[in-house]
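Okay, so here's the structure we're looking at.
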Amino acid sequence: MTSRKRQASDSLLPVRSAKYQRTEENQGIWHRWRQLGTDAFTLGYETVRLGYLSLMKLGYTSDFDSFKSLINYQARLEILERHALSPSPSLTDLRVKQSSSGRSRRYSFSDDVDPDFLERALRKAKKSFELPPPKPFSPSHDRLRLSARHRDEAIEKRLRPKLPKVLPPDADTQVHALLCKKGVISKVARESVNDRDLSRLLPGQWLNDEIINFYGAMILTRSESSRDPTAKRRMLDVHYFSTFFWPKLKNEGYEQGRLAKWTKKIDIFSKDVILIPINHNNSHWTGAAINFRRKRIESYDSMNLDRHQVFKALRSYLDSEHRNKRKKPFDFTGWQNHNPEDTPQQENGYDCGVFTCQFLESLSKGEEGFYFSQRDMTYLRRRMIWEIGHAKFLDSP
């Protein structure tokens with residue numbers, strides 16, 4: 001069971017009235033954040049400006065407004081992780097419908113940024129830009145059997161062209177026409193998107209469940225079609241879990257969430273890769289995968305946050321699913337948690353959904369590396385509009 005009847009948007013959110021009690025302790029925390037926001041605006045602007053100029057010299061490519069949105073975004077995600085509270089009412093909810101008119105609102109600093117955080121964030125950002133480039137692959141004694149594959153991948157990476165800056169003129173004209181349409185724009189399998197959903201792919205917008213699930217359905221459809229003997233290109237045999245899977249697993253667990261029914265007609269253990277989009281605290285999208293080919297539980301986060309809970313939850317799911325379907329525990333011998341340091345990172349507070357879609361799309365083709373970065377987001381948003389509008393992937397970059 002990979003898809004279900006979509007509920008109203010508000011019903012997809014955690015029941016905050018049940019989870020967040022207005023206790024004296026919590027009220028104190030919120031009050032402190034608001035107070036620190038004033039101090040951050042007064043004391044932090046010059047720190048952020050100097051940090052931005054410093055990072056520009058080290059390779060940061062986005063503008064100052066994007067950098068400020070990244071700082072705000074990091075602060076809020078850190079607070080949510082640290083205090084395990086429901087999202088602040090001031091934090092834009094990724095699943096709430098937003099108006100598509102104009103660009104996203106810009107502001108100096110959110111209430112969640114304090115001077116201590118600014119120092120930590122800038123040190124972390126500077127450190128990431130100062131890291132040396134990855135060393136050339138040199139197979140160790142226990143990886144000699146993989147040397148041929150790594151050489152092939154290295155050659156493919158060198159030969160693969162960089163993503164273009166813009167779509168071909170005819171495709172870009174079609175994108176403009178798609179954005180002018182009203183109502184339902186496109187359908188694939190059981191998923192559909194309308195004009196409001198598609199507008200989420202305009203610059204500065206957060207993606208919602210509809211866009212990400214539609215893209216996942218396209219990935220799944222392409223994988224199934226590639227098994228046809230007449231297919232031009234062979235894709236991995238993948239399965240895609242919708243965005244509703246993670247909250248079921250995390251909040252209810254395997255039994256209470258009735259996750260066994262999700263795979264009633266599917267044997268996930270016969271697949272190459274299971275793709276899973278994850279929404280953290282209704283504030284950040286990341287990609288995860290259960291990679292049976294590589295014996296890995298994988299997490300890909302464009303904010304490079306600690307995702308140990310993802311590995312723990314997916315290992316628990318694998319074991320429960322194996323016990324349910326195969327009547328014995330899952331054998332984790334040789335399995336690893338995989339969270340690569342060179343995962344592409346966003347440079348603002350709103351592109352996480354686009355990064356997640358591109359992570360999952362690349363994984364579905366068996367690619368070990370990602371060939372996009374923050375500078376490609378404008379192009380990739382336009383390309384995704386074309387792809388979703390036509391319910392198929394653009395053949396060339």
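Throughout, numbering of the chain's residues begins at 1 and tracks the sequence. Computed from a predicted structure; not experimentally measured. As a basis for the values below, the full set of heavy atoms in this structure was taken, side chains included, without hydrogen atoms, waters or symmetry mates.
Annotation: salt bridge (charged side-chain N to carboxylate O under 4.0 Å, His left out) contacts of Arg375 (sequence neighbours excluded): none. With sequence neighbours left out, Arg222 forms a salt bridge (charged side-chain N to carboxylate O under 4.0 Å, His left out) with Glu361. Taking Phe393 as the reference, Tyr215 meet the ring pair (Phe, Tyr, Trp, His ring centres under 6.0 Å) condition, with sequence neighbours excluded. Every residue two or more places apart in sequence or in another chain that forms a side-chain contact (heavy atoms from CB on, under 4.5 Å) with Ser62 is listed here: Tyr60, Ser66, Glu347, Gln374. Partners of Lys295 under the side-chain contact (heavy atoms from CB on, under 4.5 Å) rule, at least two apart in sequence or in another chain, are Trp335. For His338, there are no ring pair (Phe, Tyr, Trp, His ring centres under 6.0 Å) partners, not counting sequence neighbours. Residues that satisfy the side-chain contact (heavy atoms from CB on, under 4.5 Å) test with Lys181, not counting sequence neighbours, are Leu178, Ile185. By the side-chain contact (heavy atoms from CB on, under 4.5 Å) test, Thr343 is found to be paired with Tyr300, Pro340, Gln345, Phe359, residues two or more places apart in sequence or in another chain being considered. Residues passing the salt bridge (charged side-chain N to carboxylate O under 4.0 Å, His left out) test with Arg293: none are found, sequence neighbours excluded. In this structure, Glu224 has no salt bridge (charged side-chain N to carboxylate O under 4.0 Å, His left out) partners at least two apart in sequence or on a different chain. Legend: residues meeting side chain to side chain donor-acceptor pair (under 3.5 Å) with Asn348, ordered by chain and number and at least two apart, are Asp351.
Looking only at distances, a side-chain donor or acceptor of Ser199 sits under 3.5 Å from a matching main-chain atom of Arg196. With Arg307 contributing its side chain and Ser299 its backbone, the two residues share no donor-acceptor pair below 3.5 Å. The backbone N or O of Phe269 lies less than 3.5 Å from a partner atom in the side chain of Asp267, making a donor-acceptor pair. Judged by distance alone, the side chain of Lys325 and the main-chain N or O of Ile268 form no donor-acceptor pair under 3.5 Å. Listed for the Ser69 side chain is a donor-acceptor partner under 3.5 Å among the backbone atoms of Gly349. Looking only at distances, no side-chain donor or acceptor of Ser223 sits under 3.5 Å from a matching main-chain atom of Ile219. Checked by atom type and distance alone, the side chain of Ser316 never pairs as donor or acceptor with a backbone atom of Lys312 at under 3.5 Å. Judged by distance alone, with hydrogens and angles left aside, the side-chain atoms of His322 form no donor-acceptor pair with the main-chain N or O of Leu318 at under 3.5 Å. A donor-acceptor pair under 3.5 Å is formed between the side chain of Asp376 and the backbone N or O of Ser373. Not one N or O on the side chain of Asn324 forms a donor-acceptor pair closer than 3.5 Å with the backbone of Ser320.
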- Task: For Glu368 and Arg296, run salt bridge (charged side-chain N to carboxylate O under 4.0 Å, His left out): C-alpha distance rounded to whole Å, both residues' side-chain angles, the deciding distance at 0.1 Å, then the answer.
- Result: CA-CA 12 Å; Glu368 281 288 289; Arg296 294 191 312 219; 3.1 Å; yes
- Query: Is there a side-chain contact (heavy atoms from CB on, under 4.5 Å) between Ser270 and Phe292 once you walk through the steps?
  - Reply: CA-CA 8 Å; Ser270 67; Phe292 290 102; over 6 Å; no
- Query: Step by step, would you call Asn337 with His308 a side-chain hydrogen bond (donor to acceptor under 3.5 Å, both in side chains)?
  - Reply: CA-CA 9 Å; Asn337 294 339; His308 67 276; over 6 Å; no
- Task: Check the pair Phe370 / Gln358 against side-chain contact (heavy atoms from CB on, under 4.5 Å), numbers first and verdict last.
- Result: CA-CA 8 Å; Phe370 301 113; Gln358 297 306 313; over 6 Å; no
- Query: Where do Val184 and Val193 land on the side-chain contact (heavy atoms from CB on, under 4.5 Å) test, with the steps shown first?
  - Reply: CA-CA 6 Å; Val184 175; Val193 295; over 6 Å; no
- Going through the distances and angles, do Ser283 and Asn281 end up as a side-chain hydrogen bond (donor to acceptor under 3.5 Å, both in side chains)? CA-CA 5 Å; Ser283 57; Asn281 298 312; 4.8 Å; no
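No side-chain heavy atom of Thr286 sits less than 4.5 Å from a side-chain heavy atom of Ser302. Taking the side chain as every heavy atom from C-beta outward, Ile278 and His284 never approach each other to under 4.5 Å. Contact annotation: the side chain of Ile388 approaches that of Leu201 to within less than 4.5 Å [non-hydrogen atoms, C-beta and beyond]. Inter-residue side-chain proximity for Arg381 and Leu207 is flagged as met; some heavy-atom pair is nearer than 4.5 Å. Looking at heavy atoms from C-beta onward, Pro277 lies in side-chain contact with Leu360 at the 4.5 angstrom threshold. Looking only at side-chain heavy atoms (C-beta outward), Ile290 and Val273 stay at 4.5 Å or farther from each other. The closest side-chain heavy-atom distance from Leu167 to Leu394 is below 4.5 Å. Using a 4.5 Å heavy-atom threshold, the side chains of Glu321 and Tyr254 count as touching.
Within the model, atoms CG of Asn339 and CG of Leu305 stand 10.0 Å from one another, a figure rounded to the nearest 0.5 Å. Rounding to the nearest 0.5 angstrom, the gap separating the CG atom in Asp209 from the CD1 atom in Ile212 is 7.0 Å. Rounded to the nearest 0.5 angstrom, Ile274 CD1 and Thr263 OG1 are separated by 9.0 Å. Between atom CG of residue Leu220 and atom CG of residue Asn213 there is a gap of 11.5 Å, rounded to the nearest 0.5 Å. The CE atom of Met384 sits 13.0 Å away from atom CZ of Arg200, with the distance rounded to the nearest 0.5 Å. Here the OH atom belonging to Tyr317 is positioned 11.0 Å from the CD1 atom belonging to Ile297, to the nearest 0.5 angstrom.
The pair Lys187-Glu191 does not meet the salt-bridge criterion, since no charged nitrogen lies less than 4.0 angstrom from a carboxylate oxygen. Between Lys68 and Asp65 there is a salt bridge, since at least one side-chain N of the basic residue sits less than 4.0 Å from a carboxylate O of the acidic one. Salt bridge status for Arg323 with Asp319: present, with a side-chain N to carboxylate O gap under 4.0 Å. Between Arg258 and Glu252 there is no salt bridge, since none of the side-chain N atoms of the basic residue sits less than 4.0 Å from a carboxylate O of the acidic one.
The aromatic rings of Phe332 and Phe330 stand perpendicular to each other, their planes meeting at an angle above 60°, with 30° marking the opposite boundary.
Evaluated for a side-chain contact (heavy atoms from CB on, under 4.5 Å) with Ile385, the options Leu179, Leu380, Ile211 yield exactly one hit, Leu179.
For residues 169-179, every residue pair satisfying the salt bridge (Lys or Arg N to Asp or Glu O under 4.0 Å) rule, not counting sequence neighbours, is listed here: Asp172-Arg382.
Residue Lys165 comes nearest to Tyr379 through the heavy atom pair O-CB, 3.5 Å, listed as atom of the first residue, atom of the second, then distance.
Ring pair Tyr240/Phe245: centre-to-centre distance not below 6.0 Å.
Environment of NZ in Lys271: crowded, with over 12 heavy atoms of neighbouring residues, nucleotides or ligands closer than 6.0 Å.
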